[in-house]
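Everything on this sheet refers to the single structure shown next.
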Amino acid sequence: MMEENILQITDMPQQYIEQYQDEFTTSKGVPKFGNARAQIRFQKEWKDKGFDYVIHKNMLSDILHTDYLNDGIDYLVFFDFESIQNPVPLVKDAHPWQQIVTQYSMHIVKKGYDLTKHDFAKGRGGGCSHYEFIGHPKEDGYKNPEFELFKTLRKQLEDFGVDPMGNNYRVVVFNQNFEKTRMNEFVRYYVSHPEVTPDLIDFVNNFNNNVVDLLFFFTRGTFYGTNFNGRGSLKVVQPTLCEDEDVQEYYKNLGLPFDLKYSLDYHKEGALVYNGGICLDLYKSLLLRSHVAPTNNDPDEDEMLGQALAYCKIDSWGTVIIYDVIKHVLDGKIKLKAKIL
């Protein structure tokens with residue numbers, strides 16, 4: 001196209017888009033570039049038409065009712081991992097550059113939940129509860145935090161009333177490749193480890209099999225925001241939707257007992273951790289310090305780990321709100337300035 005002096009998206013002939021559309025997906029049909037085709041079509045056909053979103057309603061509804069509102073689904077587990085990696089492993093039983101999961105945040109939501117009865121600060125109420133885990137470098141030392149992490153995850157599901165080995169829940173993540181790969185690696189690396197029992201392996205496999213991907217709502221032009229600019233990451237989608245005037249008006253009228261915008265703000269006053277890179281570096285630095293001076297007490301460690309937990313909580317909470325927005329766009333309660341396909 002450059003040789004033919006085609007330099008702008010708006011100048012792309014339709015045959016090029018059709019000819020190379022397979023390049024946007026993997027061999028298994030999974031979207032490779034989330035909103036690429038939608039962005040091309042927007043630039044060519046929809047720009048300056050006076051709407052903020054393009055929504056393929058039937059496709060959106062199919063995903064919602066298949067993966068989230070199926071009659072056999074009683075719980076949605078909104079879930080987010082954080083991990084570290086290092087060329088020289090910082091914990092036992094790890095490979096060079098292996099991504100070690102150090103923490104998670106999850107919001108478990110019952111069918112028929114009610115956000116107007118939820119206390120965000122306490123993480124309870126309205127059929128929605130928040131749970132979390134983070135390793136403790138000073139206490140763990142060289143022990144791999146993943147062993148305790150997955151045991152804690154299973155116990156917390158049971159505490160909420162979810163059968164960890166059941167099929168009546170879905171694990172909602174944003175871009176499943178990361179979470180599913182981490183769980184597949186855990187099973188592959190530690191299936192014969194003395195600290196990992198067969199029933200724990202069975203649980204991790206079942207939890208992994210129940211994963212659904214919130215990102216699928218935003219691929220292939222199913223739900224495209226003009227301010228996405230062709231991107232589909234959580235850090236783009238969440239603020240774009242939650243800063244929309246129509247979305248804010250809906251939740252304001254709903255009378256939530258908490259500030260929705262503040263609860264989704266990564267840059268709250270005093271927040272030290274506001275992206276995944278900082279979270280990774282923080283945990284690695286604490287782990288390295290624990291190895292260098294294992295007997296020294298670090299008065300700042302608990303506060304720093306708390307900062308990492310607060311960051312991860314916003315990620316999993318953000319997926320709850322994105323799901324809620326999509327659900328109410330489809331049932332007509334949230335009316336966006338959108339072109340409906």
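Because the structure is predicted, anything quoted here is derived from the model rather than measured. In this chain, numbering begins with 1 at the start of the sequence shown. Side chains are part of it too, since the values below use all heavy atoms of this structure and drop only hydrogens, waters and symmetry mates.
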A side-chain contact here means heavy atoms from C-beta on lying under 4.5 Å apart; do [X] and [Y] qualify?
X	Y	value
Arg289	Glu301	no
Asp67	Arg170	no
Tyr190	Leu200	no
Phe228	Val237	yes
Ser316	His107	yes
Ser105	Asp315	no
Leu336	Val247	yes
Gln176	Leu215	no

When rounded to the nearest 0.5 angstrom, what distance separates [atom1] in [X] from [atom2] in [Y]?
X	Y	atom1	atom2	value
Phe218	Ile63	CZ	CD1	9.5 Å
Glu179	Thr181	CD	OG1	9.0 Å
Lys252	Glu245	NZ	CD	11.5 Å
Lys138	Leu305	NZ	CG	11.5 Å
Trp317	His130	CH2	NE2	10.0 Å
Leu157	Thr152	CG	OG1	11.0 Å

NZ or CZ of Lys155 within 45° of Tyr131 ring axis and under 6.0 Å: no
Counting only N and O atoms by type, is there a donor-acceptor contact under 3.5 Å from the side chain of [X] to the main-chain atoms of [Y]?
X	Y	value
Ser61	Lys57	no
Lys111	Ile73	yes
Tyr113	Ile108	no
Glu82	Cys279	no
Arg124	Ala121	no
Glu158	Asp163	no
Asp324	Val320	no
Asn206	Gly166	yes
Gln156	Glu132	yes
Tyr68	Val172	no

Pair Lys92, Asn144: side-chain N/O donor-acceptor within cut-off below 3.5 Å: no
Lys151 and Asp199 ion-paired at < 4.0 Å: no
What are the two closest heavy atoms between [X] and [Y], and how far apart are they?
X	Y	value
Tyr266	Ala271	O-CB, 3.7 Å
Cys312	Asp80	SG-OD2, 3.3 Å
Asn175	Asp213	N-OD1, 2.8 Å
Leu149	Val101	CD1-CG1, 3.5 Å
Ser285	Leu282	OG-O, 2.7 Å
Lys284	Leu90	CG-CD1, 4.3 Å

Side chain to side chain contact (heavy atoms under 4.5 Å, CB included) between Val325 and Tyr250, intermediate numbers included: CA-CA 9 Å; Val325 169; Tyr250 169 77; over 6 Å; no
Gln238 and Ile322: CA distance, side-chain angles, deciding distance, side chain to side chain contact (heavy atoms under 4.5 Å, CB included) verdict: CA-CA 6 Å; Gln238 184 254 83; Ile322 290 172; 3.9 Å; yes
Same cluster or not: are [X] and [Y] linked, directly or through other Ile, Leu, Val, Met, Phe, Trp or Tyr residues, by side-chain heavy atoms under 4.5 angstrom apart?
X	Y	value
Tyr142	Ile84	no
Met59	Leu241	no
Ile340	Phe223	yes

is_close_aromatic(Tyr311, Tyr274), centroid dist under 6.0 Å: no
Ring-ring centroid check Phe207 Phe150, cutoff 6.0 Å: no
Check against side chain to side chain contact (heavy atoms under 4.5 Å, CB included), Leu153 and Phe79: CA-CA 11 Å; Leu153 173 59; Phe79 194 78; 3.8 Å; yes
[X] [atom1]: over 12 foreign heavy atoms closer than 6.0 Å:
X	atom1	value
Lys268	NZ	yes
Asn275	CG	yes
Lys110	NZ	no

Residue of the set Asp244, Thr226, Asp246 for which side-chain hydrogen bond (donor to acceptor under 3.5 Å, both in side chains) holds with Tyr53: Asp244
Side chain to side chain contact (heavy atoms under 4.5 Å, CB included) evaluation trace for Phe147 with Val196: CA-CA 7 Å; Phe147 302 150; Val196 180; 3.7 Å; yes
Parallel, tilted or perpendicular: rings of Phe178 and Phe81 (30°, 60°): perpendicular
